[in-house]
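Worksheet: one structure, shown below.
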Amino acid sequence: MTKHVGIEVSTAVAEAVKLVDVDVISAYPITPQTHIVERLAELIANGELDAEYINVESEHSALSACVGASAAGARTFTASNSQGLALMHEILYVASGCRLPIVLAIANRAVSAPINIWCDHQDSLGERDTGCIQLYVEDGQEAFDSTLQAFRVAEDQRVLVPFMVCLDGFILSHVIESVDLLDDGEVKSFIKSKMEPKYRLDPDRPLSMGVLGGPDIYYEFRRQQEEAMRNSKKVILEVDDEFSKLFGRRYGLFDSYRIEDADVIFLTMGSMTGTARVVVDRLREMGKRVGVLKVRVFRPFPYEEIYAAVKGAEVLAAVDRNIEPGAFGGVLFTELRSALYGCEKEPHVIGFTAGLGGRDVSVSDFTTMAEKALRVLETGKVERAYEFIGLRE
Amino acid sequence: MKGWREIRTGSTVLEAGNASECKTGGWRTFRPVIDHKKCIKCLFCWLYCPDESIAITREGEFEVDLDYCKGCGICAKECPKEAITMVRED
């Protein structure tokens, strides 16, 4: 039976990993991810979870161990962020290229230097081309539910790519929230207790994985991988649909709040979305037609679906918790603007960077961004396409 | 050649001992040519070849296995009798 509990979000993620009966975990501690794997190590030590926990000397080794385990057919999990995730960079391509459905929890943290342990999305967005699904959650319940969903999606034969569940470091990972925890029986009705891979390393049936692919075939493999990412959109929705029928919660590729008749729509990722909704409600009371769309699945980027949802608006304001030095703007902003360019109805797209290195993205920040977006609505002109919010000049 | 829809997921090869199917001779720019009159059958080329591409025929002659020889030229460099010349492929 579902238990309604107050629980640290990291612990809730660990509970989800336990409930899917993961076989192998290999991880290296890094704040603010550590509580997730600490809790899992504890569950194994207590005998509550029957899994192998492989201690390693770095994140590079952690993901390498996961690659081996997953190739052998084990349901595999790891977690990291920031510099640790950067150290996994090389192996992420191996995992996705070998089409291994490893699930990773990323407790988003800024990347050094300067040394900073607090939240922004630079670390995982820096890995956006590695061929992993990336999903950004807003709260503890979504973190728990998405972790369960991640294994189903990643292991689907139409997908078979690694899956990153990204949750804001500290803002989510270290906060105690009210979460409905599903029990063993409920989760068993949703996901099989063993992975059923098409191919796996087996001494009785020798095969090779990750072999040489020269100029005559490498390109074809990469295109196949790209197709799997595109297909995953459909599978994410199917799994979400089934999840909602079983447990009553549905998330979709993105979440919309008061956007149906909106002139101005914020696009957000992660925990800042709640603050955006508060500001949207205040502006609505003042008669301003404003809404917010939370991008949940960032890879694959659901550009067609987002276009269909936002094409009625005049101004889109993308809020990026990242910075791309020398680029046209933040990651979400450039992605969105590029996806909408040349569409039949092309809203104005403006971008803001905010909340780097754990700086709060406040109600007043969103109010400032709304004022700027509303000015574009009034004048029909974009004076500055990309700005920094909450920064001391 | 198979298109991207037909190839096996994740570059997995189901047959064991399949490296011999990967014929790397196409990478070659220069081909070693052995002058059998100069060759003293010392086996240096056979020893130094990094790709086991020096074959010894039943008659005891040395031949280059052009299916795998990448044309690195190590055999030509090491041959004490300068019996091997590298000739540009057409």
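Labels below follow one simple rule: chain letters A, B, ... track the order of the sequence lines, proteins then strands, and each chain is numbered from 1. This one's a predicted model, so the numbers in the text were calculated from it and none came from an experiment.
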Measure the spacing between [atom1] of [X] and [atom2] of [Y] and express it to the nearest 0.5 Å.
X	Y	atom1	atom2	value
B/Arg5	A/Glu227	CZ	CD	6.5 Å
A/Arg158	B/Thr9	CZ	OG1	13.5 Å
B/Arg8	A/Arg99	CZ	CZ	13.5 Å
A/Arg200	B/Thr12	CZ	OG1	13.5 Å
B/Glu15	A/Arg205	CD	CZ	11.5 Å
B/Lys2	A/Asp216	NZ	CG	13.0 Å

Just checking [X]: does its [atom1] atom have more than 12 heavy atoms from other residues, nucleotides or ligands closer to it than 6.0 angstrom?
X	atom1	result
B/Glu89	CD	yes
A/Asp50	CG	no
B/Lys41	NZ	yes

Exercise for the section: Would you mind reporting whether B/Trp4 and A/Glu226 have side-chain heavy atoms less than 4.5 Å apart? Expected result: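 With C-beta onward as the side chain, the pair stays apart.
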Handout entry: Part of A/Tyr199 lying under 4.5 Å from any heavy atom of chain B
Key = side chain
Handout entry: Interface moiety of A/Leu100 toward chain B, non-hydrogen atoms closer than 4.5 Å
Key =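 Contact with chain B involves no heavy atom of A/Leu100 at all.
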Practice task
Please confirm whether the backbone N or O of B/Ile7 pairs with a side-chain atom of A/Glu220, one donor and one acceptor, at under 3.5 Å?
Solution key: no
Practice task
Specify the closest pair of heavy atoms between A/Val211 and B/Ser11, including all atoms of both residues, with the distance to one decimal.
Solution key: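 Smallest heavy-atom distance, with atoms named: CG2-O, 3.2 Å.
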